[in-house]
Amino acid sequence: MIPKTLSLTSFSTSLLPHHFKTLKFCNSSRTIIICKPINSQSQQQNPPPSQTQLSVSAPESQGTGAAAPTRGDIFLERQQYLAASALVLEKKKKKKKKEKINGSLKPTSTSTYSCYGCGAPLQISELDAPGYVDPETYELKKKHRQLRTVLCGRCRLLSHGHMVTAVGGNGGYAGGKQFVTAEELREKLRHLRHEKALIVKLVDIVDFNGSFLAHVRDLAGANPIILVVTKVDLLPKGTDFNCVGDWVVEATMKKKLNVLSVHMTSSKSLVGLAGVISEIQKEKKGRDVYILGAANVGKSAFINALLKMLSNKDPVAAMARKYKPIQSAVPGTTVGPIPINAFLGGGKLYDTPGVHLHHRQAAVIHSQDLPALAPRSRLRGQSFTKQVVLDQWVSEKMEFNDLTGFSIFWGGLVRIDILKVLPETCLTFYGPKALKLQILPTNKAEQFYKKEVGVALTPPSGEQVATWTGLETIRQLQIRFDDTQRPACDVAISGLGWITVEPVGLGQMVKEVGSNLVEEKDMEISLDVHVPKPVEIFVRAPLPVGKVGGEWYQYRDLTEKEEETRPKWHF
C-alpha cells in the first residue's frame with residue numbers, strides 16, 4: 001500500500017507528541033514526512049522530575065490509512081492522559097500531607113488523641129491504666145474520625161462514683177507501670193514558663209495553706225496570675241466575705257506572690273464566677289488560659305461552672321460543655337492537659353493535672369478514705385471548752401480547772417495534746433464532718449489510739465490499718481495571746497482543715513487581776529500536735545468566719561503605695 005503523503009501546509013509537526021520523531025525527505029516536487037515513535041535511552045536514565053512518580057505512555061496506533069486517528073483525536077487523547085496523571089499525582093500529595101500532619105493513627109499504647117475526661121492518651125494495651133479504650137470501640141471511633149469524643153474506661157468508673165487512683169508513688173498509692181507519677185504530671189506543666197499565657201490559680205478556702213502552691217512561679221514563669229479562691233459556700237453561716245477577702249489578700253502578700261486580682265467563688269452556687277469571666281476576658285488578649293492548682297482543689301468543677309456561665313452568651317462554650325472534664329474526689333483525676341474551645345474570640349481554656357503535694361493528708365491515705373476528707377456541706381465548728389470536758393468526764397471524778405492534761409483526736413489523722421492553756425480557752429475545729437472528734441485524758445491517749453485506730457478513729461480504715469505507721473510527726477507549739485478580744489491563731493492541718501485557738505474568758509481575767517499583774521507566761525498556751533510523717537502544720541492569723549468573725553476582724557491601715565500595688569478582691 002502506498003503511504004499517504006501530507007503537505008506542510010496541511011500538517012504541523014508541533015501538534016505531534018514529543019516522543020514522535022519526524023524524518024523529512026525532500027525532492028523538487030514534494031516533501032514526505034514519516035512519523036516514527038522512539039524511546040530515548042537518555043530520557044529513561046534521567047527522567048524529568050515530573051515523570052519520576054508516574055509515567056504516561058503514548059497512545060498506541062489504532063489503525064492506518066482511512067482508519068488512522070486524526071490530528072484532533074491524537075491531541076484530545078494526549079490531553080486526557082495528562083489530566084489523568086495530574087489527578088493521580090494530586091491525590092498522592094494530599095495523602096502524604098495528611099499522614100505527615102496526623103501521624104500514624106494505629107491503635108497502639110501511644111496515641112495522638114486523648115480522653116476528653118482526664119486528658120490521658122488513648123491506648124488499648126493496659127486495661128487498668130488511664131486512657132484505656134476497648135479495641136473494637138477504638139477502631140469504630142477511628143473509622144468515623146470520632147476519637148476526640150472518646151471517654152476512657154477509668155473516667156467511666158469515676159463518673160459512677162468509683163474511687164480509681166492513677167497517681168503512684170505517694171503515701172497509700174501503691175504505684176506501678178499503670179500509674180502516673182506526680183513528677184511526670186508536674187513535668188507536663190513545665191512548658192508554661194516559656195509560653196505567653198494567662199494563669200488562673202485555684203486555692204481551696206478550707207485548706208488555704210495546704211493548697212496555696214507558694215512556688216507556682218516555678219511552673220507559671222512571669223505569666224500574669226489571677227487568684228481564685230474556691231468553695232467559699234462551705235464557710236460557716238453568717239461569714240462576712242469582706243473580711244475573708246481582705247484576709248486572703250493579706251495572706252497572699254505575706255507569701256510574696258504578685259497577682260492581678262483575687263476572686264471569691266463557688267463552683268456549686270456559681271457565686272463570683274461572673275467577676276472571674278470579666279477579668280479573664282479583660283486580661284486574656286488572645287492568649288491561652290491555663291487553670292492551675294493543687295490536686296483535688298476543684299479545677300474541673302470550676303471549669304464546668306465557667307463553661308456553664310459562658311454558654312449563656314457564647315455558642316462556642318455551649319458546644320464545649322458536651323465534652324467537659326470529669327469531676328471526682330480522687331486527687332489526680334486529670335492526668336494530662338485538656339484543651340477546651342471556650343472562647344469565641346480565639347484562645348483555648350486548658351484544664352491541667354493537679355500538682356500533687358506530699359504534705360497533704362490525701363497523700364497518706366488510701367483511695368476508699370478520700371471522700372471523708374472532702375466537706376460536703378457548710379462547715380460548723382465543733383468547740384471544746386472546760387465545760388464540755390466536765391460534762392463528758394464527770395463520772396471519772398477528775399479535778400481540773402481547764403483543758404490542760406487532755407488530748408483530742410481528729411479521726412485517726414490528728415492528735416492534739418493540751419499541755420498548758422489559759423482558763424476557759426476554747427479550741428474550735430473546722431473540717432469535714434466524716435472525721436469524728438474524741439477527747440480523753442492524755443495518759444490514756446496512747447492506749448486508746450492503738451485500740452481504736454481504724455474502728456472509732458477513721459481514717460485510716462480497711463486494709464491500710466495493718467500497715468499504718470501512726471502519727472509519727474510531733475510539733476510543739478507555743479502560742480501567745482497578743483489581743484484578748486480576738487482569737488490567738490489558727491492551727492491549720494494540710495489537706496484537712498483548721499483549729500481556731502480562742503482565749504475565752506481571758507479579758508475577764510485581765511480585768512479582775514489587772515493587766516500589770518498578769519505575767520507573760522500566763523499569756524501563752526502550749527500544744528503538741530501529732531500528724532502522719534509527711535503532713536505539714538501551719539500556724540497562721542485567724543480566719544474570720546461566722547458572725548463573730550466580722551466583729552473582731554480589724555482592717556490594716558495601708559500606705560499610699562500599698563493602696564496602688566495591693567491586688568483587689570472581688571465577690
Heavy-atom count around [X] [atom1] within 6.0 Å, excluding the residue itself: above 12?
| X | atom1 | value |
| --- | --- | --- |
| H215 | NE2 | no |
| K308 | NZ | no |
| Q476 | CD | no |
| R380 | CZ | no |

Output the distance between atom [atom1] ([X]) and atom [atom2] ([Y]), rounded to the nearest 0.5 Å.
| X | Y | atom1 | atom2 | result |
| --- | --- | --- | --- | --- |
| L202 | S211 | CG | OG | 9.0 Å |
| E472 | K533 | CD | NZ | 6.0 Å |
| I291 | S300 | CD1 | OG | 10.0 Å |
| W410 | K436 | CH2 | NZ | 13.0 Å |
| Y449 | L471 | OH | CG | 3.5 Å |
| I493 | L435 | CD1 | CG | 11.5 Å |

(request) Kindly give the heavy-atom pair with the smallest separation between G549 and P544, and that separation in Å. (result)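 Closest approach of G549 to P544: O-CB, 3.7 Å.
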
(message) On a heavy-atom basis, which atom in L403 and which in T425 lie closest, and how many Å separate them?
(response)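 Closest approach of L403 to T425: CD1-O, 3.5 Å.
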
For [X], all residues meeting ring-ring contact (aromatic ring centres under 6.0 Å, His included), sequence neighbours excluded:
| X | result |
| --- | --- |
| W569 | none |
| F208 | F212, W247 |
| H530 | none |

(request) Only counting residues at least two apart or in another chain, list the ones meeting side-chain hydrogen bond (donor to acceptor under 3.5 Å, both in side chains) with T467. (result)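 Checked T467 against side-chain hydrogen bond (donor to acceptor under 3.5 Å, both in side chains); zero matches.
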
(message) Check E446 with R415, please: is the shortest side-chain N to carboxylate O separation under 4.0 Å?
(response)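 Yes.
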
(request) Run the numbers on V232 and V244 for side chain to side chain contact (heavy atoms under 4.5 Å, CB included), then give the verdict. (result) CA-CA 9 Å; V232 297; V244 175; 5.8 Å; no

(message) Enumerate the salt bridge (Lys or Arg N to Asp or Glu O under 4.0 Å) contacts for residues 242-257, please, sequence neighbours excluded, ordered by first and then second residue.
(response)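 Residue pairs with at least one partner in residues 242-257: D246-R566, E250-R556, E250-R566.
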
(request) Output every pair passing salt bridge (Lys or Arg N to Asp or Glu O under 4.0 Å) with a member in residues 213-232, not counting sequence neighbours, ordered by first then second residue. (result)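 Matches after skipping sequence neighbours: D204-K231.
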
Can you tell me if [X] uses its side chain to pair, donor with acceptor, with the backbone of [Y] under 3.5 Å?
| X | Y | value |
| --- | --- | --- |
| T230 | V203 | yes |
| R154 | P130 | no |
| T385 | E424 | no |
| T239 | G546 | yes |
| K433 | L379 | no |
| Q464 | H366 | yes |
| T458 | G454 | no |
| R475 | I537 | yes |
| D490 | L543 | yes |
| T265 | V229 | yes |

(message) I'd like to check L235 versus Y430 (side-chain heavy atoms, cut-off strictly below 4.5 Å). Are they in contact?
(response)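 L235 does not reach Y430 side chain to side chain.
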
(request) Scan side-chain atoms only and decide if D417 and S407 contain a donor-acceptor pair under the 3.5 Å cut-off. (result)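 Looking only at side-chain atoms, S407 and D417 do form a donor-acceptor pair, the distance falling under 3.5 Å.
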
(request) Consider only side-chain N and O atoms of T500 and E502, and report whether a donor and an acceptor are under 3.5 Å apart. (result)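 No - no donor-acceptor pair under 3.5 Å links their side chains.
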
List the atom pairs, donor and acceptor, that lie under 3.5 Å between side-chain atoms in residues 221-228 and the rest of the protein, sequence neighbours left out.
residue	atom	partner	partner atom	Å
N223	OD1	A197	N	3.2
N223	ND2	L192	O	3.0
N223	ND2	E195	O	3.0
N223	ND2	A220	O	3.0

Residue list, salt bridge (charged side-chain N to carboxylate O under 4.0 Å, His left out) with [X], at least two apart or on another chain:
| X | answer |
| --- | --- |
| K299 | none |
| D369 | none |
| D351 | none |
| R360 | D207 |

(request) Determine, step by step, whether V389 and D402 satisfy the side chain to side chain contact (heavy atoms under 4.5 Å, CB included) criterion, reporting the C-alpha distance in whole Å, the side-chain angles of both residues, the deciding distance to 0.1 Å, and the verdict. (result) CA-CA 9 Å; V389 178; D402 48 40; over 6 Å; no

(request) For A492, check side-chain contact (heavy atoms from CB on, under 4.5 Å) against everything at least two apart and list the hits. (result)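 In terms of side-chain contact (heavy atoms from CB on, under 4.5 Å), with neighbours along the sequence ignored, A492 is linked to N209, W498, F538, R540.
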
